[in-house]
Amino acid sequence: MPTPTPTDTDISPAPRAALTLVSHALCPYVQRAAIALAEKQLPFERIAIDLAHKPMWFVAISPLGKVPLLRVRHAGGEAVLFESAAICEYLEDTTPHPLHPADPLQRARHRAWMEFGSNVLNLIAAFYNAPDEAALLRQRDLLRERFETLEQELSGRTGAYFAGESFSLVDAVFGPVFRYFDRFEAIADFGFFDGLPHVIAWRAALAQRPSVRDAAAPDYPQRLDRFLRERGSALARRMAPA
Ligand SMILES: N[C@@H](CCC(=O)N[C@@H](CS)C(=O)NCC(=O)O)C(=O)O
């Protein structure tokens, strides 16, 4: 994501809703928070910012200069939460429709698989930023290894989602992960999921889930396309002219 260059002195838009998600159109971490909010049927306002030109109000309230933020209006004023995992845990602690298992051991395992999802997101960034073909294929192999690990984890399970029948925060993490591959596969056949039937089925189920589908704007594919081309990377060079 772009380097921070705060340029304007906008004052923060006054939040109208009790919950406001400060977002960026392409951010997968924002999407996981949006999915959790939707699954919990919580109304929220979404404000998108330009990460290449961060507004001053955002720089002032975001300790790491990153999205997502969740602005929470309460009786005493407003609190700002940062880090998608903390946002999801707050929603989990305070609202109905649990997205974590009740059993502490299973809950801990789910948190670990969410972290695994963040690691996959780092590998995805290394893949689309790879400077040359050799690095691109190395990153492809590392991603493929992660999906093989997931295949092992999922094998023997029934049901559409990570935990079986019920949708969980692990699904909220992987919905945005898989979304990247719709575009990658249109560029070339990288074989990410060949021979991995459980991962393929999970990906298909997540793509159909309304909360996952609606977490990205309708123009997400075009925005992602532009973003990938601007990398000037090996992947960008493989893309057909716009
Ligand atoms: N660990 C953070 C990661 C969030 C993150 O990396 N956000 C990116 C956009 S996807 C960002 O805001 N980057 C801006 C920057 O680093 O300057 C989370 O889970 O919320």
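Start at 1 and go down the list; that is how both ligands and their atoms are numbered. Computed from a predicted model, the values in this text were never measured in an experiment.
If you look at L51 next to ligand 1, the close heavy atoms, those under 4.0 Å, all belong to the side chain. Looking at K54 against ligand 1, only its side chain comes within 4.0 Å, counting heavy atoms.
Ring geometry for F174 against F178 counts as tilted: the plane angle lies between 30° and 60°, on a 0 to 90° scale.
For the pair C27 and ligand 1, the shortest N or O to N or O distance does not fall below 3.5 Å. Taking only nitrogen or oxygen atoms, main chain and side chain alike, R32 does not reach within less than 3.5 Å of ligand 1.
By the ring-ring contact (aromatic ring centres under 6.0 Å, His included) test, F167 pairs with Y161, sequence neighbours left out.
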For L154 and F162, run side-chain contact (heavy atoms from CB on, under 4.5 Å): C-alpha distance rounded to whole Å, both residues' side-chain angles, the deciding distance at 0.1 Å, then the answer. CA-CA 7 Å; L154 293 171; F162 181 77; 3.9 Å; yes
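Distances shorter than 4.0 angstrom occur between a heavy atom of E83 and an atom of ligand 1.
Listed by atom number, the atoms of ligand 1 under 4.0 Å from G65 heavy atoms are 14 (C), 15 (C), 17 (O). Listed by number with element, the atoms of ligand 1 under 4.0 angstrom from any heavy atom of P68 are 20 (O).
When atom types are taken as modelled, the side chain of T94 and the backbone of Y90 share a donor-acceptor pair closer than 3.5 angstrom.
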Anything under 3.5 Å between a donor and an acceptor, one on a side chain of residues 234-242, the other on a protein residue two or more places apart or in another chain? List them.
unit_1, atom_1, unit_2, atom_2, d
R237, NH1, G232, O, 3.2
R237, NH2, P131, O, 2.5
R238, NE, E133, OE2, 3.0
R238, NH2, E133, OE1, 2.7

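A cation-pi contact links R179 to Y220, judged by a cut-off of 6.0 Å to the six-membered ring centre and 45° from its axis.
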